[in-house]
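Presented below is the structure to which this report refers.
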There are 2 protein chains.
Amino acid sequence: MVSADTRPRRRADAERSITRIVSAARECLSRDPDATMDDIAKVAGVGRMTVYGHFRTRPELVEAALGEALRAGELTLAGVDLTGDARQAMNRLLASSWSLVAESAALLSAAQRVLPEGRLRELHTGAADRVQQLIGRGQDDGAFRTDLPVTWLVNAVQYILHGAAEEIRLGRLDPVRASGVVTATVQSILAVPAGGTGLPQR
Amino acid sequence: MVSADTRPRRRADAERSITRIVSAARECLSRDPDATMDDIAKVAGVGRMTVYGHFRTRPELVEAALGEALRAGELTLAGVDLTGDARQAMNRLLASSWSLVAESAALLSAAQRVLPEGRLRELHTGAADRVQQLIGRGQDDGAFRTDLPVTWLVNAVQYILHGAAEEIRLGRLDPVRASGVVTATVQSILAVPAGGTGLPQR
DNA sequence: TCTATCTCGTACGGGAATGTACGAGATAGC
DNA sequence: GCTATCTCGTACATTCCCGTACGAGATAGA
């Protein structure tokens, strides 16, 4: 309904350009939410005018980039076995897609500034919901803590992923160890507290 | 060495204006890193030209705002008893200053875009170092985990605080419960893992 | 080979933000 | 009450980016 041939038809080189542009947009925008059309064009290796040939406005391009990232995320998500022990499932999920999820989060915050609120929710729902479902199921199974709101847990995980991506970018976290670090941190956040965290049980 | 009277002298009303401007800058910039000089002036209740009367450039104002926030943070930090059980100390620290630390983090990311790298480290060192020391001490005492790098733990805590502030801003987290939620989450991140996180021991 | 499509440079208009210049009026502080 | 200081509006130059217009040249695809 989106990517199919609603347009009359396109030449192969145009298709290739679009791919490169969207890919460049993902890269640039997830690093700098204010990346310029010109920046993106340069990274894509095309002229700025070519970009405008395919995307009329900047918001349109941002949406395309976000959409692609989310689609990729959902695809990966769909390929991960989320059944069985929730902890193990979360580990599998993180191992295969944490950096991708982090990228989506960065793009999401970039999109937040240029897309209408509704449009954003519309695109993002689905990807996030499935993570929330997994965490929710883990809570029901007794694998994950229930003393904190689900929405907080979901977002806390997001922030950790986002942070890890940033730390790598700043050279403060070894990319090789990152996956393990992320997994360990997330598990700690979701785990049922031992009982002595010093907090009232609420 | 910074705030003292290196300037010839200032009238009382000017002093008042500066205070309001810096305060407004802290508020605006921690909410939107791209806040305009005009935005800040409006919030401060003064004209834009008055702002320029005291801060020649935007980076100068950003630095002032960040500096003030960090100074406030250090002041609070200095008032917290960090001795004794590291877990309890961390709880005390978070209880009395988590939102302030979160604000500093937001300002920090705003400053990252307009201040030279060195200047930023220069200002920020001190505040962050003390948190790092506390976590390091906790590790030595066996209160906190040692399977993850200290720098990561410090930053993970920062990201969680930042995230909590954002969640409140978006109305997804009850401000009243926030303190407890933050404390519980941070304790989980720092705690020595029970032993079954599913990760190789490093 | 022929044509519709695509690339992409130059040039232009518009908007927003920064920072400067000037100056008239208010006021703190002596 | 005098004066240096401060406030702050208007106006302007500059810069940066977006988006449009035009068009010449390359190329895919038949």
Side-chain angles (χ1 to χ4, degrees), chain A residues 3-25 27-29 31-66 107 110-116 119, chain B residues 3 5-25 27-29 31-66 110-116 119:
Chain A
S3 66
D5 47 324
T6 59
R7 290 283 151 199
R9 201 179 297 148
R10 262 192 306 243
R11 247 168 53 178
D13 55 348
E15 208 77 48
R16 223 178 314 140
S17 285
I18 293 178
T19 304
R20 296 178 64 180
I21 291 168
V22 173
S23 165
E27 183 184 330
C28 291
L29 290 171
R31 209 177 343 170
D32 173 16
D34 296 323
T36 289
M37 292 296 260
D38 202 38
D39 296 338
I40 295 171
K42 277 196 182 66
V43 171
V46 301
R48 190 171 69 100
M49 302 327 294
T50 302
V51 177
Y52 277 104
H54 298 294
F55 302 93
R56 261 204 270 153
T57 67
R58 189 171 177 281
E60 202 170 301
L61 175 55
V62 172
E63 178 169 329
L66 176 62
L107 278 178
Q112 209 155 17
R113 314 242 283 265
V114 292
L115 296 185
R119 189 85 190 98
Chain B
S3 67
D5 47 324
T6 58
R7 290 283 150 199
R9 202 179 295 148
R10 261 191 306 241
R11 249 168 54 179
D13 55 349
E15 207 78 49
R16 224 179 313 139
S17 286
I18 292 177
T19 304
R20 296 178 64 181
I21 291 169
V22 172
S23 165
E27 183 185 329
C28 291
L29 289 172
R31 208 175 344 164
D32 172 16
D34 295 323
T36 289
M37 293 295 260
D38 201 39
D39 296 338
I40 295 170
K42 276 196 181 68
V43 170
V46 302
R48 190 170 70 100
M49 302 327 293
T50 302
V51 176
Y52 278 103
H54 298 294
F55 303 93
R56 256 200 279 132
T57 67
R58 189 170 177 282
E60 202 171 299
L61 175 55
V62 172
E63 178 168 331
L66 175 61
Q112 209 156 17
R113 313 240 285 262
V114 292
L115 296 186
R119 189 85 190 100

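Nearest heavy atoms, A:A111 versus A:L66: CB-CD2, 3.8 Å. Residues B:V22 and B:A64 come closest through the heavy atom pair CG1-O, 4.1 Å. Smallest separation of non-hydrogen atoms from A:S17 and A:H54: CB-NE2, 4.2 Å.
In this structure, B:T50 does not reach the D:dC6 phosphate: none of its side-chain N or O atoms is under 4.0 Å from OP1 or OP2. Between A:H54 and C:dC6 there is no side-chain polar atom (N or O) within less than 4.0 angstrom of OP1 or OP2.
Counting only heavy atoms from C-beta on, B:R48 has its side chain closest to C:dT20 among D:dG19, D:dT7, C:dT20. Nearest to the side chain of B:Y52, among C:dT18, D:dG19, C:dT7, sits C:dT18. If you check D:dT7, D:dG19, C:dG19 against the side chain of B:R58, the one that comes closest is C:dG19. Among the nucleotides C:dA21, D:dT20, D:dT7, the one closest to any side-chain atom of A:M49 is D:dT20.
Rounded to whole Å, the distance from CZ on A:R16 to P on C:dT7 is 9 Å. Atom CG in A:L61 sits about 14 Å away from atom C1' in D:dC17, given to the nearest Å. B:R20 has its CZ atom 9 Å from the P atom of D:dC8, to the nearest Å. Spacing between atom CZ of A:F55 and atom P of D:dT20 amounts to 15 Å, rounded to whole angstrom units.
Put simply, the side chain of B:R48 never gets that close to the backbone of B:A41: no donor and acceptor are under 3.5 Å apart. A donor-acceptor pair under 3.5 Å is formed between the side chain of A:T57 and the backbone N or O of A:E60.
Using a cut-off of 4.0 Å between Lys/Arg side-chain N and Asp/Glu carboxylate O, A:D32 and B:R113 are scored as not salt-bridged.
Each end of the helix from C:dT1-D:dA30 to C:dC30-D:dG1 yields a helix axis from five base pairs, and these two axes differ in direction by 30° (to the nearest 10 degrees).
Between B:R119 and B:P116, some side-chain heavy-atom pair lies under the 4.5 Å cut-off. Using a 4.5 Å cut-off on side-chain heavy atoms (C-beta onward), A:F55 and A:I18 make contact.
For residues 33-47 of chain B, proximity to DNA chain D is found at B:V46, B:G47, defined as any non-hydrogen atom under 4.0 angstrom from a strand atom.
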Chi angles and distances behind the side chain to side chain contact (heavy atoms under 4.5 Å, CB included) call for A:L29, A:D34: CA-CA 7 Å; A:L29 290 171; A:D34 296 323; over 6 Å; no
